[in-house]
Amino acid sequence: MNPQAERIKALSAGVFSLILAVGIARFAYTPLLTVMQQQAGLGISAAGWLATFNYAGYLSGALIASQINDLHLKDKLYRTGMILAVVSTIMMGLSSNLVIWIISRYLAGLCSAAAMLLGTGLILNWLIRHNHRSELGIHFSGLGLGIAGCAAAVALMSQSLDWRQQWFVFSAIGCVLLIPALRWLPAPDSSALTTSGKAMEDNPPSALFLKIFMAAYFCAGVGYVVSATFIVAIVDRLPGLAGKGTLVFFAIGIAAAPACIIWDLVARKVGDLNALLLAAILQTAGILLPVAVGGLNAAIAGALLFGGTFIGMVSLVLSMAGRYYPTRPAKMMGKMTISYGVAQIIAPAITAWFAAHQGGYASGLYLAAGAMIFGVGLLFALKALENRELRQLAD
């Protein structure tokens with residue numbers, strides 16, 4: 001197989017793993033949330049707590065990823081995670097017991113970390129080792145495809161299938177996706193050289209840079225999680241938009257599918273931090289549009305902006321981590337995602353509290369937008385620090 005065909009095969013394994021572990025295991029819950037509230041008796045507060053346990057699982061996975069250096073162990077955990085992604089999806093349809101759902105959502109969070117961090121790290125290591133560009137745009141298109149596919153599937157299936165049957169259909173799809181996600185990922189290589197004989201050396205950022213970077217990524221986590229989890233329920237409760245939430249979620253997925261490829265190109269032109277700044281500003285606008293302007297057009301425009309930026313920010317951050325640590329990319333990825341993951345535990349719980357006291361999730365969007373604005377300020381500070389450190393090196 002020629003090098004480009006091998007590259008596409010490796011990246012395709014990542015795409016299918018993200019569709020399975022993130023799109024289905026983790027995010028099928030978002031378009032199914034309103035269906036489960038109507039048919040399975042899922043309450044507003046319980047829905048928020050399920051999201052919180054999901055992100056607790058993701059944070060647990062990030063903690064594990066940040067502590068592991070052995071590529072072969074990462075490979076085994078990644079493959080275990082893909083199998084558990086199918087199991088956790090099946091569990092949602094097997095019972096209406098809240099405890100079972102909580103366990104399922106926690107496992108789904110673990111599995112999504114296996115795909116997002118371990119799988120991504122393994123693929124990025126393989127790309128660098130085989131002298132390919134260290135960009136993840138094609139890989140992360142799987143997340144957008146998974147979100148859009150789940151939204152479209154729920155819209156179609158809800159006409160004839162109940163909530164339980166829909167979870168079983170997603171489980172069957174997951175079984176199919178499992179095959180390429182496991183078989184097409186190359187076996188890990190732990191040697192210290194690329195295939196051309198060049199040494200792979202880590203070039204870590206300063207401690208201060210990393211702290212500010214993690215704080216900014218925490219803000220991005222808050223900005224991301226509220227819309228990603230509750231946007232269907234939020235839109236369905238806005239005046240004149242009942243039943244339109246799934247359409248808006250589909251728009252997020254459609255925008256997310258090519259977003260990382262586009263942000264890779266933007267970063268090549270303006271640099272990683274400038275690309276992150278632009279994405280953060282646009283994401284803030286996307287979060288606010290549905291509630292600040294109102295109407296279907298504003299909701300869809302907001303969804304397109306949000307979908308086109310949130311995964312771009314994740315891809316840019318994780319690609320930067322891989323370039324700082326080419327020999328062990330998942331280590332810094334895990335540290336960054338711990339920050340992102342803590343935000344994803346706190347924000348849904350706060351949003352659920354707002355919802356229980358105000359009867360809706362819209363206040364959570366203002367919380368998310370406020371966090372993003374603060375994060376933009378941190379990214380400006382990070383850019384100033386980077387410029388200062390570069391001047392010091394030049395001197």
Open item on the list: If you apply the rule side chain to side chain contact (heavy atoms under 4.5 Å, CB included), what do you find for R133 with L127, and how did you get there?
Closed with: CA-CA 7 Å; R133 194 183 292 271; L127 290 172; over 6 Å; no
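- Aromatic ring pairs are classed by plane angle as parallel below 30°, tilted from 30° to 60° and perpendicular above 60°; the pair Y224 and F310 is parallel.
- A 4.5 Å side-chain heavy-atom check between I138 and R7 finds at least one atom pair inside the cut-off.
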TODO: Report the C-alpha distance between Y340 and L59 in whole Å, list the side-chain angles of each, state the deciding distance to 0.1 Å, and finish with yes or no for side chain to side chain contact (heavy atoms under 4.5 Å, CB included).
DONE: CA-CA 8 Å; Y340 201 68; L59 178 59; over 6 Å; no
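- Under the side-chain contact (heavy atoms from CB on, under 4.5 Å) test applied with F140, the options T120, I261, V22 reduce to a single match, T120.
- Residue I83 holds its CD1 atom at 12.0 Å from OG of S88, rounded to the nearest 0.5 Å.
- One distance of note links OG of S104 with OH of Y29; it measures 10.5 Å at 0.5 Å rounding.
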Task: Evaluation steps, side chain to side chain contact (heavy atoms under 4.5 Å, CB included), between M116 and T337 - done: CA-CA 9 Å; M116 286 285 289; T337 304; over 6 Å; no
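- The number of heavy atoms from other shown groups lying within 6.0 Å of CG (N97) is above 12.
- Rounded to the nearest 0.5 angstrom, N274 CG and K269 NZ are separated by 14.5 Å.
- Aromatic rings of Y106 and F53 (six-membered ring for Trp) have centroids beyond the 6.0 Å cut-off, not under it.
- Ring planes of F209 and F213: perpendicular class, angle over 60° (limits at 30 and 60°).
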- [ ] Dump the intermediate steps for side chain to side chain contact (heavy atoms under 4.5 Å, CB included) on M36 and W101, then the final yes or no.
- [x] CA-CA 12 Å; M36 293 179 70; W101 286 346; 3.6 Å; yes
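- Within a 6.0 Å radius of CZ in F374, no more than 12 heavy atoms belonging to other residues, nucleotides or ligands are found.
- For D272, the salt bridge (charged side-chain N to carboxylate O under 4.0 Å, His left out) test picks out R323, with sequence neighbours left out.
- Taking CG of D236 as the reference point, atom CG of L241 lies at 8.5 Å (rounded to 0.5 Å).
- The line from CZ of F170 to CG of L32 is 5.5 Å long, rounded to the nearest 0.5 Å.
- A side-chain donor-acceptor contact under 3.5 Å links W263 to the backbone of G308.
- From C260, atom SG reaches atom CG of L136 across 8.0 Å, with rounding to the nearest 0.5 Å.
- In this structure, F250 and I254 have side chains that are in contact, with non-hydrogen atoms separated by less than 4.5 Å.
- Relative ring orientation between W184 and F16 is described as perpendicular, the plane-to-plane angle rising above 60° on a 0-90° scale split at 30° and 60°.
- Between D75 and R79 there is a salt bridge, since at least one side-chain N of the basic residue sits less than 4.0 Å from a carboxylate O of the acidic one.
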